[in-house]
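The block underneath contains the structure these notes are about, expressed in structure tokens.
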Amino acid sequence: MASVSSRTLQLRLLILVFVAFIPALGLFWYVNGELRTFQLEAKERELASRAQHVSAEYAGILEQSRSYLATLAEFPEVRSGRAPTCTEYLQRAIQHMEAYTTISLIGMDGYLACGAVTPESDLYLGDRAYYTRASSRGSFAVGTFALGRLTGRPVLGLAHPIFDGDELSWILGASIDLATLADLAAQDPLPDDYTFTVLSSGGQVMVRLPSTGDFTLADSVGAMAGPDFPVLPDGSEQAVVSGTDLDGMVRLFGLSALTGTAGNRQGYVAFGRTQATLMEEVDALVDLELRFLAGGALVLLALAWGLGHFWVARIPEA
């Protein structure tokens, strides 16, 4: 009878242990959903963080350019406007600014006087936004995204006025290569199935990564983004939204504004990844975390059963 009584106690103990783990199973499934939500939000924050990083670096380039052009404008070789001295000096100066495609000294008639890159014929730049803003305000100005007339590359024009006494005599301009933003995006290892796009405030594509792939003809620098491509909401500096990319794929995008030194929005960056790729990574992370939880639960179950068995064995026989 004593032997039967011990087996009965062991069975009851096992049932008790399983009953005690029923709430744990419910908690396990709840944690499963919460972990997936948490990891997906983390992936969304990563997209936003990558876009914000590029925006911050872009702002730093503008501030650096303001100081650089102001310093450059003080040199007599530049202020004279005489070629070839001015041209040679600007050609040496641009070697220290990898982000620039050219530096130009523009006369008050709007024509290029000298520059790091010079055309064979006269070049009129008086209609460029950076020139008109700098000449009308008499202070450092940031233009708009455009395709450079000298290089054909997507650029952002900057300008610093040069005064002779109280009279405005020259505009010292520079063009930032927007492809530099692609280099900034790639500073950290880029994930699989990503796209990186820089757009003007009007929705024109200025930079696109990856530069190769099975994309549509519309996916090129200078093209206008489609109506379903994500747009940064008015009044927002960053956002995470879903939209249709230039290659027709639906992606989740981290968006961040590109602003000038005066705080005006000049465009925005869009860092996108497909929802399927994100969920694959989320599932892999969650599965790993759940394996640890399940392993811990099994260890506790085995420990409870072992201790219970030890306790039953120590009950004195009647």
Non-hydrogen side-chain atoms of D183 and E57 separated by less than 4.5 Å: no

Under a 3.5 Å cutoff, is there a donor and acceptor pairing between the side chains of Q238 and Y268? no

Any donor-acceptor N/O pair, W170 side chain to R79 backbone, under 3.5 Å: yes

Donor-acceptor pair, distance only, cut-off 3.5 Å: does the side chain of S65 make one with the backbone of I61? yes

Hey, is the main chain of M249 close enough, under 3.5 Å, to the side chain of T244 for a donor-acceptor pair? no

Could you walk me through whether I162 and L168 pass side chain to side chain contact (heavy atoms under 4.5 Å, CB included), step by step? CA-CA 6 Å; I162 298 178; L168 182 60; 5.7 Å; no

Between T101 and R153, do the side chains contain a donor N or O and an acceptor N or O under 3.5 Å apart? no

Name the orientation class of the two ring planes belonging to F75 and Y89 (parallel below 30°, tilted from 30 to 60°, perpendicular beyond 60°). tilted

Does any N or O in the side chain of S135 come within less than 3.5 Å of the main-chain N or O of Y131, such that one atom is a donor and the other an acceptor? yes

Between F271 and F253, does the ring centroid distance fall short of 6.0 Å? no

Closer than 4.0 angstrom, basic N to acidic O: yes or no for R208 and D245? yes

Tell me whether Y111 at atom OH has more than 12 heavy atoms from other residues, nucleotides or ligands lying less than 6.0 Å away. no

Test item: R149 side-chain N/O and Y124 main-chain N/O as donor-acceptor pair under 3.5 Å: yes

Are any side-chain N or O atoms of S201 and backbone N or O atoms of G267, one a donor and one an acceptor, separated by less than 3.5 Å? no

Counting distance only, does the side-chain N/O of S136 pair as donor-acceptor with the main-chain N or O of R133 below 3.5 Å? yes

Using the ring of each side chain (for Trp, its six-membered ring), is Y68 parallel, tilted or perpendicular to Y100, with breaks at 30° and 60°? perpendicular

Closest approach of A270 to L199 (non-hydrogen atoms, all atoms of both residues): CB-CD1, 4.4 Å

Side-chain (T180) to main-chain (I176) donor-acceptor, under 3.5 angstrom: no

Does this structure show an ion pair linking D193 with R251, if we count only N-O contacts that are shorter than 4.0 Å? yes

Ignoring hydrogens and angles, tell me if any N or O in the side chain of S200 forms a donor-acceptor pair with the backbone of Q204 under 3.5 Å. yes

